[in-house]
Amino acid sequence: MNFLLTASGLRNETLRGALRDMLGKPFGSANIVYVPTASVAEPGDHGWFVADMNRLHGLGWREFDVLELNGLPRQMVLDRLLHADVIYVEGGSHYHLARSITGNGLADGFLEALENRVYVGVSAGSMIFSRNLTGHSADVIGDTTDLHVLGATTVEPPFGLFDWYLKPHLYSPDFPERDDAWADRIAARADFPIYFIDDETAVRVRDGKVDVISEGRWRFHP
């Protein structure tokens, strides 16, 4: 399994180059499926969503598919994932995304698709693989309101592949509260490892080996 877990997508050449390397062929020879599910649970202006989709589309894929995880037959969703070389999962509400995967019975098929494909996550799309994606972590991180607005008090991690948790948008101008003091408060409360990454950074997982690639800044608290 190959993962490129970003905060804000392929915003710089280091991240784009990492994806080319993981893919092993030019973007123009590859199919990508773009999953917007997490974004629909976020209120307000979605200019960020349009900008990221346009930036991704502009890389010149052989085929650019868009796939919503809710409302379609399960097998149709899985077939579309299997048709892609790259599965790109957009940001928004990681709780809505996780609940969409588990609620639609997609977790096992999704993991099967990932065995021979590259997964690129953006923000919420990067957060769903931790076994520590739970109601407890929501309390530690301080985003239980995002869970409650969905009418839920708990969340089941759909995959549980990693023991570490990823928190995006460190130092981001779009999230001005996410500074070192914010990260320090979370790290002091957390009983699980956390990567904090900025919008120019990704956590890369290749065949079980984890490293960080970046043109920006990041922190890891084991």
Just wondering, do Val203 and Val210 contact through their side chains at under 4.5 Å, heavy atoms? yes

Please report the closest heavy-atom contact between Ser137 and Phe192, naming both atoms and the distance. CB-CZ, 3.8 Å

Between Leu23 and Val122, is there shared hydrophobic-cluster membership here, with clusters defined by ILVMFWY side-chain heavy atoms closer than 4.5 Å? yes

By side chain to side chain contact (heavy atoms under 4.5 Å, CB included) - contacts of Glu68 (at least two apart): Pro36, Thr37, Asn70

The reported gap from CG in Leu59 to CG in Asn54 (rounded to nearest 0.5 angstrom) is 11.0 Å

With heavy-atom distances below 4.5 Å as the criterion, would you say the side chains of Asn31 and Val86 are in contact? no

Considering non-hydrogen atoms only, spot the tightest contact between Trp164 and Val205 and give its length. CZ2-CG2, 4.0 Å

Without hydrogens or angle criteria, can the side chains of Asp191 and His136 be said to hold a donor-acceptor pair below 3.5 Å? yes

Would you call Arg131 and Glu156 a salt bridge, using N to O less than 4.0 angstrom? no

So do Asn2 and Tyr119 actually touch side chain to side chain, heavy atoms under 4.5 Å? no

Using the side chain to side chain contact (heavy atoms under 4.5 Å, CB included) criterion, which residues pair with Ala181? Sequence neighbours excluded. Asp179, Arg185

Can you tell if the side chain of Arg117 reaches within under 4.5 Å of the side chain of Met1, non-hydrogen atoms only? no

Roughly how far, to the nearest 0.5 Å, is CZ of Arg99 from OG of Ser93? 9.0 Å

If you take all heavy atoms of Ala202 and Leu15, which pair is closest and at what distance? CB-CD2, 3.6 Å

Do you reckon Val50 sits in the same ILVMFWY cluster as Val35, going by side-chain contacts under 4.5 Å, direct or chained? no

So, His94 side chain and Gly92 main chain: donor-acceptor pair closer than 3.5 Å or not? no

Distance from Phe27 atom CZ to Leu19 atom CG, nearest 0.5 Å? 4.0 Å

Going from CG on Asp139 to OG1 on Thr144, what distance comes out if it is rounded to the nearest 0.5 angstrom? 6.5 Å

Would you check, one step at a time, whether the test ring-ring contact (aromatic ring centres under 6.0 Å, His included) holds for Tyr195 with Phe162? CA-CA 12 Å; Tyr195 284 95; Phe162 312 133; 9.5 Å; no

Heavy-atom closest pair (Ala98 atom, Pro158 atom, distance to 0.1 Å) is CB-CD, 3.8 Å

Could you pull out the closest heavy-atom pair between Phe159 and Ala107, with the gap in Å? CE2-O, 3.6 Å

Any chance NE2 of His148 has more than 12 other-residue heavy atoms, nucleotides or ligands included, within less than 6.0 Å? yes

Do Asp65 and His83 have side-chain atoms, one donor and one acceptor, less than 3.5 Å apart? no

Using 0.5 Å steps for rounding, measure from the CD atom of Glu42 to the CG atom of Asp146. 6.5 Å

For residues Glu90 and Asp52, determine if any side-chain heavy atom of one lies less than 4.5 Å from a side-chain heavy atom of the other. yes

Looking at Arg178 and His169, would you say the former's side chain and the latter's main chain have a donor-acceptor pair under 3.5 Å? no

Is there a side-chain contact between Leu166 and Phe129 (heavy atoms, below 4.5 Å)? no

Mark yes or no for whether Ser100, through its side chain, and Leu69, through its backbone, hold a donor-acceptor pair below 3.5 Å. no

Using modelled atom types only, decide if a donor and an acceptor are shared between the side chain of Arg80 and the backbone of Met76 within a distance under 3.5 Å. no

Hey, can you pull the donor-acceptor pairs under 3.5 Å for the side chains in residues 211-222, sequence neighbours left out?
from, atom 1, to, atom 2, distance (Å)
Asp211, OD1, Arg204, NE, 3.0
Asp211, OD2, Arg204, NE, 3.4
Asp211, OD2, Arg204, NH2, 2.7
Ser214, OG, Thr201, OG1, 2.6
Ser214, OG, Gly216, N, 2.7
Ser214, OG, Gly216, O, 3.3
Glu215, OE2, Thr14, N, 3.2
Glu215, OE2, Thr14, OG1, 2.7
Arg219, NE, His221, NE2, 3.2
Arg219, NH1, Asp180, O, 3.4
Arg219, NH1, Asp180, OD1, 2.8
Arg219, NH1, Asp184, OD1, 3.3
Arg219, NH2, Asp184, OD1, 2.4
Arg219, NH2, His221, NE2, 2.9

Decide yes or no for Met22 and Leu4: does some side-chain heavy atom of the first lie under 4.5 Å from some side-chain heavy atom of the second? yes

Going only through I, L, V, M, F, W and Y residues with side-chain contacts under 4.5 Å, is there a path from Val66 to Val120? yes

Do Tyr34 and Leu67 pass the side-chain contact (heavy atoms from CB on, under 4.5 Å) test, and can you show the C-alpha distance, the side-chain angles, and the key distance before you say yes or no? CA-CA 6 Å; Tyr34 178 86; Leu67 175 64; over 6 Å; no

Write down the atom of Ser126, the atom of Thr6, and the distance for their closest heavy-atom approach. OG-O, 2.8 Å

In this structure, CD1 of Ile194 is separated from CD1 of Ile141 (nearest 0.5 Å) by 4.5 Å

Do Asp85 and Lys25 meet the salt-bridge criterion of a basic N to acidic O distance under 4.0 Å? yes

Is there a side-chain contact between Tyr165 and Val140 in this structure, where contact means two heavy atoms from C-beta onward sitting under 4.5 Å apart? no

Decide yes or no on side-chain contact (heavy atoms from CB on, under 4.5 Å) for Tyr88 and Leu56, but give the supporting numbers first. CA-CA 9 Å; Tyr88 188 101; Leu56 181 66; 3.5 Å; yes

Working for side-chain contact (heavy atoms from CB on, under 4.5 Å), residues Lys167 and Asp143: CA-CA 11 Å; Lys167 192 64 181 170; Asp143 60 9; 3.6 Å; yes

Path from Phe110 to Tyr95 over hydrophobic side-chain contacts below 4.5 Å: yes

Mind running ring-ring contact (aromatic ring centres under 6.0 Å, His included) on Trp182 and Phe196 for me, showing each step along the way? CA-CA 10 Å; Trp182 166 83; Phe196 296 94; 5.5 Å; yes

Is there a path of hydrophobic side-chain contacts, each under 4.5 Å between heavy atoms of I/L/V/M/F/W/Y residues, joining Leu170 to Ile197? yes

Polar contact flag, side-chain donor to acceptor under 3.5 angstrom, Asp199-Ser172: yes

With a cut-off of 6.0 Å (strictly less than), are more than 12 heavy atoms of other residues, nucleotides or ligands near CG of Asp108? no

Could you go step by step and tell me if Met53 and Trp48 meet the side-chain contact (heavy atoms from CB on, under 4.5 Å) rule? CA-CA 9 Å; Met53 184 168 64; Trp48 59 270; over 6 Å; no

